[in-house]
Amino acid sequence: MPELPEVETTRRHLAEHLPGARVAAVALLDPRALLRPDPATFTRRLVGATILAVERRAKYLIMPLRRAEPPSLAAPSNRPDFVGAGLVPARGRQAAAPGPDSRPEGRNGRVHPADDYLIVHRRMTGNLFLRAPGAPPDDHTVAVLTLDDGRELRFCDLRRFAKLWLADAAEVAALDRALGPEPLARGFTAARLAAALRGRRGLLKPLLLNQNLVAGLGNIYVDEALFAARLHPTRTADTLTDTDVRRLHRAIRAVLAQGIRNEGTSFRDYRGAVGQPGRNQMMVEVFRRDGQPCPRCRTVILKTRVGGRGTHYCPRCQR
DNA sequence: CATTACCTGCAA
DNA sequence: TTGCAGGTAATG
């Protein structure tokens with residue numbers, strides 16, 4: 001499934017090509033993909049809406065929308081210039097802050113002001129494709145937003161766990177509060193990681209998969225981060241020294257940043273917004289490399305089950 | 001805390 | 001045929 005680097009790779013592509021586009025039509029091919037509201041309301045609110053931006057929080061893609069102008073001449077808006085005021089700082093923010101961690105997704109609580117938010121979570125096998133007018137169909141398509149220029153934003157999902165829904169600003173804020181820190185944001189320090197782990201006695205691997213502690217890691221990048229930090233997946237959080245936490249902090253950021261640089265990890269189903277696979281599967285050190293030698297010490301990599309998830313590690317390097 | 005459910009497809 | 005797959009919410 002897409003983890004933080006895969007969602008971010010998709011976000012970057014969509015953010016280049018979607019803002020300003022208007023939704024001309026909505027096709028919900030599998031209603032199970034829609035969490036809320038009901039299909040009729042969902043369609044009514046989306047048709048005519050303008051996509052203002054494409055943002056990310058953890059593994060969630062968030063598209064702020066400006067609703068269609070009501071066709072009536074009467075009833076002037078009760079919040080004039082609300083959206084226009086929100087768009088200006090977005091440009092200023094980019095110009096002022098070129099660093100990789102300065103994008104808005106790292107700022108808890110800061111969301112683009114808008115009427116509605118289209119939220120997508122891809123779970124295990126969901127993909128978002130932006131296709132040219134008349135492009136051949138994609139397998140497992142569950143929903144399509146046709147844009148006013150004929151392009152299609154397609155939501156495809158083999159296993160049909162993925163969800164999309166419309167939210168308001170309060171719900172986006174609640175989601176943001178419920179999630180742990182963005183691991184690539186400047187504010188995510190070793191001290192912050194230590195604070196998240198403090199008082200916890202669980203196994204390292206399930207803790208790192210818990211999105212409430214640190215948001216965005218999944219099975220691939222947890223295994224890779226634990227290898228890079230030389231920590232055993234069943235180490236218990238309360239046994240970590242300060243040095244261990246600092247190594248883990250560095251490792252988390254390094255494996256995620258590498259994943260983004262390589263445009264994601266595609267073992268099977270992940271594809272980017274134009275259908276392209278990532279390259280990071282060539283770079284992984286332990287994930288699905290059981291039976292092969294550890295790149296650091298040549299000991300054979302093992303695969304076990306930890307917290308119900310397949311877990312890959314080097315029994316010699318990781319303690 | 002661990003297990004189950006949600007789904008479909010593929011490899012063992 | 002069984003078990004497993006990059007996630008998460010809902011159960012004991």
If we take the C1' atom in both C:dG6 and B:dC1, what is their distance in whole Å?
->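 It comes out at 23 Å once rounded to the nearest Å.
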Rounding to the closest angstrom, what is the interatomic distance between C:dA10 and B:dC7 at atom P?
->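 Straight-line distance between the two P atoms is 15 Å.
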Relative to A:Phe267, does A:Arg288 satisfy both conditions: NZ or CZ under 6.0 angstrom from the six-membered ring centre, and within 45 degrees of the ring's axis?
->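 Yes, a cation-pi geometry.
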Output the single nucleotide from [options] whose closest atom is nearest the side chain of [X].
X        : options             : value
A:Met124 : C:dT8, C:dG6, C:dC4 : C:dG6
A:Arg305 : C:dG6, C:dT8, C:dA5 : C:dA5
A:Phe287 : C:dC4, C:dA9, C:dG6 : C:dG6
A:Tyr270 : C:dA5, C:dG6, C:dT8 : C:dG6

Show your working on side chain to side chain donor-acceptor pair (under 3.5 Å) between A:Thr125 and A:Tyr270 and close with a plain yes or no.
-> CA-CA 7 Å; A:Thr125 57; A:Tyr270 167 72; over 6 Å; no
Flag the pair A:Gln211 / A:Lys59 as yes when at least one side-chain heavy-atom distance between them is below 4.5 Å, and no otherwise.
->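 Heavy-atom side-chain distance check passes, below 4.5 Å.
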Do A:Leu207 and A:Leu197 have side chains that get closer than 4.5 Å, going by heavy atoms?
->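 Side-chain contact under 4.5 Å: yes.
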Could you give the distance from CG (A:Leu184) to CD (A:Glu8), rounded to the nearest 0.5 Å?
->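 The CG atom of A:Leu184 sits 8.0 Å away from the CD atom of A:Glu8.
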Below 4.0 Å: OP1/OP2 of C:dA5 and any side-chain N or O of A:Lys303 | yes
N/O (side chain, A:Gln211) to phosphate O (OP1/OP2, C:dG7) under 4.0 Å | no
Does the ring center of A:His112 lie less than 6.0 Å from the ring center of A:Tyr117?
-> no
Sugar-phosphate or base contact per nucleotide [nucleotides 7-12 of chain B; S, B, -; heavy atom under 4.0 Å] | BBSS--
Could you give me the stems involving DNA chain B, meaning stretches of three or more consecutive Watson-Crick or G-U wobble pairs whose two defining distances are both below 3.5 Å?
->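 The stems that DNA chain B takes part in, listed by first number, are B:1-6 with C:7-12, B:8-12 with C:1-5.
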A:Glu171 bridged to A:Arg36 by N-O distance under 4.0 Å = yes
